[in-house]
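This report concerns only the one structure given below.
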Protein chains: 2
Amino acid sequence: MALDQSVSKIVKVESLHVKVSCQTCSISQLCIPSSLTDSEVSRLEEIIHRETSVQKGKFLCQTGEKFQSLWAVNSGSFKSYTLSEDGDINVTGFYFPGELIGLDAISSSTHRTFVKALETSSVCTLPFDKLDDLSGDIRNLRKQMLKIMSNELMDDQELLMLLSRKNAAERMAAFLLSLSLRFKQRGFSEKSFNLTMTRSDIANYLGLAIETVSRLITKLQKDEIVNINDKLVEIIDHKALIKLAGASCEAH
Amino acid sequence: MALDQSVSKIVKVESLHVKVSCQTCSISQLCIPSSLTDSEVSRLEEIIHRETSVQKGKFLCQTGEKFQSLWAVNSGSFKSYTLSEDGDINVTGFYFPGELIGLDAISSSTHRTFVKALETSSVCTLPFDKLDDLSGDIRNLRKQMLKIMSNELMDDQELLMLLSRKNAAERMAAFLLSLSLRFKQRGFSEKSFNLTMTRSDIANYLGLAIETVSRLITKLQKDEIVNINDKLVEIIDHKALIKLAGASCEAH
DNA sequence: GTTACACATTGATATATATCAATGATTATG
DNA sequence: CATAATCATTGATATATATCAATGTGTAAC
């Protein structure tokens with residue numbers, strides 16, 4: 001599959017004199033769980049470009065582009081993927097409000113993935129050089145950045161377990177649980193949320209065939225564990241889902 | 001499988017008046033590829049506890065232990081793994097000279113894995129608090145730490161691709177190539193090296209059955225791509241190995 | 001409103017790899 | 001030195017999931 005549509009062109013949302021500040025936003029994991037003081041948040045605020053809108057299907061970044069900023073998702077959702085030489089897509093992750101995009105590009109100073117909006121979304125832009133300078137001063141910011149990265153490492157390791165050792169049903173269950181947890185952590189409903197990505201994205205991400213994903217979803221409904229109506233997921237039996245995701249012995 | 005043997009007890013190697021300095025050691029990725037000045041390296045040196053020996057089978061850390069330091073591998077090798085509730089082992093990674101252990105524990109301040117010496121090895125210990133303080137002062141050190149973590153994120157993503165999308169032969173080839181590259185980057189031979197881990201470790205890490213790994217090794221020899229004599233690997237046809245690891249289309 | 005196109009579901013079949021089983025080789029233990 | 005224990009190899013069989021194929025459904029295009 002080739003690149004669809006035109007290259008991204010990020011459009012600044014009209015601010016309409018509504019000056020939203022980081023203090024009230026409380027969404028990015030960079031500010032919130034950390035112990036930044038008000039004045040520290042203010043300094044962070046100064047370097048952040050706030051509330052940029054990205055239309056559905058547009059790119060936040062593309063492979064090969066120079067890395068300059070991190071993005072914090074404000075609303076909407078994104079998928080990241082790589083393209084192999086043969087042109088096949090490898091979905092590497094999904095991003096939801098409160099999450100940081102671009103951490104993996106720090107080391108090479110170049111983006112290694114395509115990041116595409118799954119719906120019309122908005123992000124804050126964090127120029128990395130300035131962020132880095134600031135973190136020299138602010139111990140808690142430095143700590144928080146390392147923490148976020150370390151956290152990502154842990155998440156990746158978990159995903160690794162999932163993909164290498166779990167069967168299809170376990171992967172699907174773990175995927176839904178992970179989404180549920182991420183939404184919960186950011187103050188959204190953990191019981192009911194939207195799958196903004198396609199079945200094909202999910203299948204690709206989980207290393208499964210799209211037909212397998214479809215069948216698994218059907219089965220989860222039959223077993224009355226989750227209810228999935230097209231895009232809308234409702235988790236009915238959370239415990240059963242956990243059990244399904246965790247059980248790695250019986251299946252082997 | 002339960003925990004084998006006793007808990008680690010790290011023994012200080014007799015220094016024998018040989019004061020090895022980081023300046024001459026040049027092994028850790030923390031110091032070397034970075035642009036630290038001599039005086040900066042000296043400051044780093046002051047906080048590092050050098051050359052601790054770890055016997056084969058002993059633990060560098062265990063799940064649940066408090067995170068206090070990172071370790072830089074000097075010699076030997078380690079494996080990291082988790083234990084599920086049911087007691088089965090999940091090998092999460094291998095560590096060789098020059099590589100840093102413990103980055104994933106930063107976020108939770110607690111070790112989430114067991115790290116076990118595959119052979120008698122030695123490490124340098126980097127107290128994290130002091131390292132963090134120092135990185136507030138030294139911009140390049142800060143940069144280097146983020147770079148290392150970002151790099152790990154990239155590596156993990158690659159591994160993720162490998163485990164979710166590649167078949168057994170591709171995984172095995174990619175595993176050997178990745179080892180080869182890592183050894184090369186640290187100045188060791190890329191053509192010939194030791195598999196210090198068991199077949200079972202490899203199989204577990206790659207999400208394959210041990211028998212499959214064995215068969216693949218046999219096949220790689222038959223095809224005259226690599227020569228594996230018990231633990232010793234010799235890469236004969238590097239190009240063929242790359243081709244094998246990369247091909248993800250033909251197999252699907 | 002009709003046509004086209006991406007997305008999703010369901011069934012039949014093929015295949016890669018796990019599992020089971022037997023044996024050999026190497027390393028540790030008394 | 002003998003015996004056990006771990007690790008590795010090889011073959012036969014079972015099974016989970018990919019692939020192929022057909023159909024349905026919703027959304028965009030004209």
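All of these numbers come straight from a predicted model, not from anything done at the bench. Each chain gets a letter, A, B and so on, in the order the sequences are listed, and its residues count up from 1.
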Selected nucleotide, minimal atom distance to A/Lys231 side chain, candidates D/dT10, C/dA8, C/dT17:
C/dA8
Base, sugar-phosphate alone, or nothing: which one does B/Leu208 contact when heavy atoms must sit under 4.0 Å apart?
sugar-phosphate
Can you tell me how far P of D/dA16 sits from CE of A/Met172, to the nearest Å?
19 Å
Quickly work out the B/Met197 CE to D/dA8 C1' distance and round it to whole Å.
16 Å
Which nucleotide in D/dC20, C/dA8, C/dT19 has an atom nearest any side-chain atom of B/Glu211
C/dT19
Taking CD1 from B/Ile210 and P from D/dT10, how many angstroms apart are they, rounded to a whole number?
13 Å
Counting distance alone, no hydrogens or angles: does the base of C/dT19 have a donor or acceptor under 3.5 Å from a partner atom on the side chain of B/Arg215?
yes
How many Å lie between CD1 on B/Ile228 and P on D/dC7, as a whole number?
18 Å
Atom-pair distance (CG on B/Leu216; P on D/dA8), nearest Å:
14 Å
Is there a side-chain polar atom (N or O) of A/Thr212 under 4.0 Å from OP1 or OP2 of D/dT17?
no
Could you give the CD-to-C1' distance, from B/Glu119 to C/dT27, as a whole number of Å?
17 Å
Testing the 3.5 Å rule here: is there a donor-acceptor pair between the side chains of B/Thr92 and B/Ser80?
yes
Using the six-membered ring wherever Trp is involved, compare the ring planes of A/Tyr205 and A/Phe94 and label them parallel, tilted or perpendicular (cut-offs 30° and 60°).
perpendicular
Charged N-O contact under 4.0 Å between A/Glu234 and A/Lys191:
no
Please find the pair of heavy atoms, one from A/Leu163 and one from A/Leu206, that lie closest to each other, and give the distance.
CD2-O, 3.4 Å
As a test of reading the structure: which of C/dA8, D/dA8, C/dT19 is closest to the side chain of B/Ser214, going by heavy atoms?
D/dA8
Rounded to whole angstrom units, what separation is found between the CD atom of A/Gln221 and the P atom of C/dT9?
8 Å
Within 45° of the ring axis of A/Phe188 and under 6.0 Å from its six-membered ring centre, is that where the NZ or CZ of A/Lys184 lies?
no
Closest to the A/Thr198 side chain: D/dT19, C/dA8, C/dT17?
C/dA8
Using a cut-off of less than 4.0 Å, is there contact between a side-chain N or O of A/Ser200 and OP1 or OP2 of C/dA8?
no
What is the distance, rounded to the nearest whole Å, between atom CG of A/Leu118 and atom P of C/dA6?
18 Å
Consider the side chain of B/Ala209, meaning its heavy atoms from C-beta on, and name the nucleotide among D/dA18, C/dA8, C/dT19 that approaches it most closely.
C/dT19
For A/Asp230 and A/Val213, take the nucleotide of DNA chain D holding the closest heavy atom to each; which residue's nucleotide lies nearer the 5' end?
A/Val213
